[in-house]
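Here the structure is laid out as structure tokens; the discussion comes afterwards.
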Amino acid sequence: MAFIDEEYLLETETAVELYEAIGDAPILDPHSHVDLQEVVANDGWSDIWEVQGATDHYVWELMRKRGVPEERITGDASNKEKWLALAEIFPELVGNPTYEWVHLDLKRRFGIEKRISPETAEEIWTKTKDLLDQPEYKPQALLEDMNVEVMCSTDDPTDDLTYHERAAEELDGIAVKPTWRPDRAIKIADDGWRDFVDELEEARGIETTTLDGFLAAMEDSHDHFDDHGCVASDLGIKQPISKPVSEERAARIYKRAIAGANLDPDEVRDFEAFMLEQIGEWNRETDWVTQLHIGAVRDYRWDLYERLGPDTGGDISTQDVELVDALEYFLNTFDGELDIVLYTVDPTHYPTTATIARAFPNVSLGAAWWFNDSPFGMEQQLKYVGTVDLLSNYAGMVSDSRKLVSYGSRFEMFRRSLANAVGDMVERGQVPKPEARDLVERMAYDRPKELFGF
């Protein structure tokens, strides 16, 4: 098997057959970090670094790991200098999925078969620069070329959704839906929480000096998103906490936080639990899917955060997350009444989340996330989920990408991994081939369409 050939990741004839059934299916992306302003403006990019490196902290981390100075990663070096620095060390990235993703992008989107290296860097730079000047390489044309049918952005509750309104009017054949991401609202102990409260008041025109006002503004934001076609919320939280907390208790905590008091750990946990239940209640009223991204430890590398801020490559995963007691109240409160999707960043949590999903029909497992969205990580998760929960109820793939050009590659890698995992079950005599084909077609398209109501 040659590098990224027609049988890439497909180890059996059955896997090849299954992939042929789903490889060209439209993309439904329930969770991305698309820059919608970039899509609506449709100006495009000037060079390959803008496309592949300028927003990708996966690339940044690997460049740092191979000794590239920060000046040529996020610093003031020119884009060409950054691209050449990446190409210099790119052969050393073999084995990491980023090596495959970037080459998939070059091959599928730009028709470039050559591998990235110091010898090919200049040629790839020049060829892609010429191509990026052409209309078919603008964002909207690329989304059409990748067969993206629906994609969901990630949006703060303070967002006015102006670009979603423009997208609805100006984009043909592609539906772009907002996703309500209330992380800043729930994290009352974070330094930026008070800033969020003030921004929310300004955005919604509702006074937030009391808990009642804050909840009214949050619900108004929720309604605003619903009016703009939102179908899901998404909460990223290291350690979930759910338990009954009275509104009176939450109001006292809120009052202290607004006054600048230092909250004790019990107050922080109680407020987070109260807000999680509120989010569930609002989502139940609008029939939104509730996505929980659990377990990421943000900004673990202090120096990086102090110099460059969040989302720059300083986050890690941890096993130290309690799920059973932490989710019990929430899951039982909304048993059968709220579609819930669980994503965990540490694979050691799969046994717990898979058995939770098995116990609650309204709970689905999300795609292998972040450090696990590689061929190895995806196949490992799929095979485990299939033995405990039901693959038929799997929530489907998400791009989780900040690079628009990579949406197709991310979904291709997942679909090939899915075909290979299910194909292996066929080859071992576990699954009949007709049912295997039905299963992969469902997982690649029908199930996420059904779950998110696309």
Side-chain angles (χ1 to χ4, degrees), residues 3-4 32-35 37-38 43-133 137 139 142 296-317 370-371 373-374 399-407 409-410 413:
F3 178 59
I4 308 185
S32 78
H33 295 277
V34 62
D35 181 348
Q37 181 177 352
E38 179 180 73
D43 293 329
W45 308 271
S46 63
D47 57 64
I48 192 64
W49 176 260
E50 281 190 10
V51 170
Q52 288 293 349
T55 62
D56 191 347
H57 54 77
Y58 287 41
V59 168
W60 301 347
E61 287 177 290
L62 299 180
M63 292 177 75
R64 292 180 190 124
K65 196 72 178 178
R66 295 307 306 144
V68 177
E70 198 65 38
E71 172 75 9
R72 297 194 173 198
I73 304 173
T74 62
D76 293 330
S78 69
N79 282 0
K80 186 169 185 179
E81 288 174 315
K82 291 174 180 178
W83 168 254
L84 294 176
L86 175 60
E88 182 73 28
I89 57 92
F90 213 81
E92 299 162 18
L93 307 188
V94 290
N96 186 284
T98 300
Y99 184 85
E100 298 167 54
W101 281 323
V102 176
H103 278 114
L104 273 171
D105 290 345
L106 289 181
K107 185 169 185 174
R108 301 295 188 242
R109 307 275 76 81
F110 297 94
I112 294 175
E113 300 279 351
K114 291 186 177 180
R115 299 193 299 276
I116 302 167
S117 70
E119 293 73 31
T120 62
E122 186 75 39
E123 180 184 352
I124 292 172
W125 171 271
T126 301
K127 182 172 183 178
T128 53
K129 195 167 181 58
D130 291 341
L131 289 172
L132 288 167
D133 283 336
Y137 286 88
L142 283 172
V297 182
R298 305 286 183 173
D299 310 318
Y300 186 76
R301 187 180 173 197
W302 298 346
D303 176 69
L304 197 65
Y305 178 72
E306 289 169 2
R307 286 187 292 117
L308 302 177
D311 300 323
T312 53
D315 306 328
I316 68 167
S317 70
W370 204 334
F371 306 111
D373 57 358
S374 63
S399 75
D400 193 32
S401 181
R402 288 173 169 79
K403 294 194 303 191
L404 183 147
V405 77
S406 291
Y407 292 173
S409 300
R410 293 288 181 99
M413 185 179 281

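Numbers here simply count residues along the sequence, with the first being 1.
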Starting at [atom1] of [X], measure out to [atom2] of [Y] and round the result to the nearest 0.5 Å.
{"X": "Leu131", "Y": "Ile112", "atom1": "CG", "atom2": "CD1", "answer": "6.5 Å"}
{"X": "His103", "Y": "Phe90", "atom1": "NE2", "atom2": "CZ", "answer": "5.5 Å"}
{"X": "Gln37", "Y": "Asp43", "atom1": "CD", "atom2": "CG", "answer": "9.5 Å"}
{"X": "Thr98", "Y": "Leu62", "atom1": "OG1", "atom2": "CG", "answer": "5.0 Å"}
{"X": "His57", "Y": "Leu304", "atom1": "NE2", "atom2": "CG", "answer": "11.0 Å"}
{"X": "Asp76", "Y": "Lys82", "atom1": "CG", "atom2": "NZ", "answer": "7.0 Å"}

Can you tell if the side chain of [X] reaches within under 4.5 Å of the side chain of [Y], non-hydrogen atoms only?
{"X": "Leu142", "Y": "Tyr407", "answer": "no"}
{"X": "Val297", "Y": "Asp315", "answer": "no"}
{"X": "Thr312", "Y": "Thr74", "answer": "no"}
{"X": "Arg64", "Y": "Arg301", "answer": "yes"}
{"X": "Arg298", "Y": "Asp311", "answer": "yes"}
{"X": "Glu50", "Y": "Leu132", "answer": "no"}
{"X": "Arg115", "Y": "Ile4", "answer": "no"}

Test log, rule side chain to side chain contact (heavy atoms under 4.5 Å, CB included), inputs Leu106 and Ile48: CA-CA 10 Å; Leu106 289 181; Ile48 192 64; 4.0 Å; yes
[X] side-chain N/O to [Y] backbone N/O, donor-acceptor pair under 3.5 Å:
{"X": "Lys403", "Y": "Val51", "value": "no"}
{"X": "Trp60", "Y": "Thr55", "value": "no"}
{"X": "Asp400", "Y": "Ser32", "value": "no"}
{"X": "Tyr137", "Y": "Trp45", "value": "no"}
{"X": "Glu70", "Y": "Gly75", "value": "no"}
{"X": "Ser117", "Y": "Thr120", "value": "yes"}

Option among Thr126, Ile124, Asp130 that satisfies the side chain to side chain contact (heavy atoms under 4.5 Å, CB included) test with Thr128: Ile124
Nearest non-hydrogen partners of Ile89 and Val68, listed with the distance: CG1-CG2, 4.0 Å
Heavy-atom pair with the smallest gap, counting every atom of Pro118 and Pro91: CD-CG, 4.3 Å
Check ion pair Glu122-Lys80 (N to O, under 4.0 angstrom): yes
Ion pair Asp373/Arg410, N-O distance below 4.0 Å: yes
Stepwise side-chain hydrogen bond (donor to acceptor under 3.5 Å, both in side chains) test for Trp83 and Gln52: CA-CA 9 Å; Trp83 168 254; Gln52 288 293 349; over 6 Å; no
Heavy-atom neighbours of Phe3 CZ exceed 12 at 6.0 Å: yes
Passing candidate, ring pair (Phe, Tyr, Trp, His ring centres under 6.0 Å) with Tyr58, options Phe371, Trp101, Tyr99: Trp101
